[in-house]
Amino acid sequence: MSINTHLQFLQTIGSKKPKTINNQVASCPFCQVDQLENILVEKGSIILLKNKFPTLKDTFQTVLIETDDCQSEFSLYPKEHLYRLMDFAVSQWLQMSKSGEYQSVLLFKNHGPLSGGTIRHPHMQIVGLKYVDYRENIKENDFVGVEIASKRSVEFNISSEPRMGFYEYNVNLTNLEDLSIMADYIQMAAHYILNHNRFKCESYNLFFYQLHNRISCKIIPRYATTPLFIGYSIPQVSNDLDGTVERIKDIYHI
Ligand SMILES: [Zn+2]
């Protein structure tokens, strides 16, 4: 096994992790702020802390609690909170990258039962990888697509060559000063997925990437993954990208 291609999942820690995503009764660990341990940085209701259940070998796993409102959601935040959160998340992520301690650093978010997440409370994760560089699995074409909107240095599109399928939204930014525009487009994509998607969808992921001269975010609606992708790594793309672009433009007046 190569340490540069696979992360090792630590099974004994994984089996102790609490799950609240499908069980409303279990008490939420992120609501009990006075019980939180190993807090790294705090800004109002936004808290970055060490992950209590670090399941991945050779990584530094952190959790970024987005708000003190357990039932809220990224797509619902008032703009002021959205911008504060994105500014916090991206600056902590870039800072960890610049530390030089990691081969690469992930910033991502799981929402909903099919997203791979275990805790319902809105949160993201920043994970430093000691030996793995995620960029080796990334292609430039992963981020190209049919444009939905653009403003200043930010482009919002729908992938014409999705990594997995069928719909993947990308937000590409080249100037960090435009981070709030990026935040607006990401929030729009998340809101569209949860409320206006052609097929009912309760789950999505956000994935952030640091590339040569820009930052990109992928917003991916999640369903049961297609067998063609699982078995053969063949991605699929919808033949109605243009229709989806028009729908989003209509709904959000962009
Ligand atoms: Zn909670």
Side-chain angles (χ1 to χ4, degrees), residues 9-56 59-93 95-96 105-128 179-180 183-184 186-195 197 200-208 217-223:
F9 183 81
L10 304 171
Q11 199 60 56
T12 45
I13 299 178
S15 55
K16 288 183 196 140
K17 270 181 86 170
K19 286 195 176 190
T20 69
I21 206 140
N22 292 313
N23 180 0
Q24 298 302 319
V25 183
S27 69
C28 172
F30 298 163
C31 278
Q32 295 150 23
V33 175
D34 52 348
Q35 310 272 316
L36 293 175
E37 292 166 12
N38 295 313
I39 290 179
L40 301 167
V41 194
E42 221 172 330
K43 192 174 186 186
S45 64
I46 305 171
I47 302 170
L48 182 72
L49 70 160
K50 279 192 198 169
N51 192 322
K52 199 174 175 183
F53 299 93
T55 51
L56 300 170
T59 69
F60 179 64
Q61 291 177 254
T62 68
V63 171
L64 195 166
I65 300 174
E66 297 174 17
T67 166
D68 54 11
D69 183 351
C70 200
Q71 293 307 315
S72 191
E73 205 299 290
F74 190 91
S75 63
L76 301 173
Y77 296 148
K79 292 297 182 190
E80 193 191 335
H81 187 74
L82 175 73
Y83 299 153
R84 197 182 303 136
L85 169 66
M86 279 290 290
D87 190 51
F88 182 91
V90 169
S91 60
Q92 293 299 327
W93 174 50
Q95 204 173 310
M96 213 189 281
V105 182
L106 312 177
L107 168 61
F108 64 98
K109 172 179 173 63
N110 309 325
H111 171 80
L114 291 178
S115 69
T118 47
I119 305 253
R120 165 65 183 81
H121 195 121
H123 69 285
M124 300 184 189
Q125 296 182 58
I126 304 177
V127 179
L179 191 59
S180 59
D184 286 334
I186 297 171
Q187 188 179 46
M188 208 177 281
H191 189 271
Y192 177 81
I193 289 167
L194 296 179
N195 298 280
N197 216 54
K200 186 173 161 57
C201 185
E202 295 176 327
S203 305
Y204 71 87
N205 294 110
L206 304 183
F207 299 107
F208 290 83
C217 175
K218 260 192 183 295
I219 306 101
I220 306 188
R222 294 295 307 278
Y223 301 94

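Numbering of ligands and ligand atoms starts at 1, following listing order.
Around the Zn ion (ligand 1), the protein atoms of type N, O or S found under 2.8 Å away are C28 SG, C31 SG, C70 SG, H121 ND1, listed by chain and number.
Taking every heavy atom of both residues into account, H81 and T67 meet most closely at NE2-CB, 3.9 Å. Of all heavy-atom pairs spanning A183 and Y83, the tightest one is CB-CD2, 4.0 Å.
A donor atom on one side chain and an acceptor atom on the other are not found under 3.5 Å apart for N197 and Y204.
Not counting sequence neighbours, Y192 has no partner by the ring pair (Phe, Tyr, Trp, His ring centres under 6.0 Å) test.
Ring orientation note: the planes of F30 and H121 are nearly perpendicular, at an angle over 60° on the 30°/60° scale.
Side chain of E202 to main chain of P113: no donor-acceptor pair is present (N/O by atom type, distance under 3.5 Å, no hydrogens or angles).
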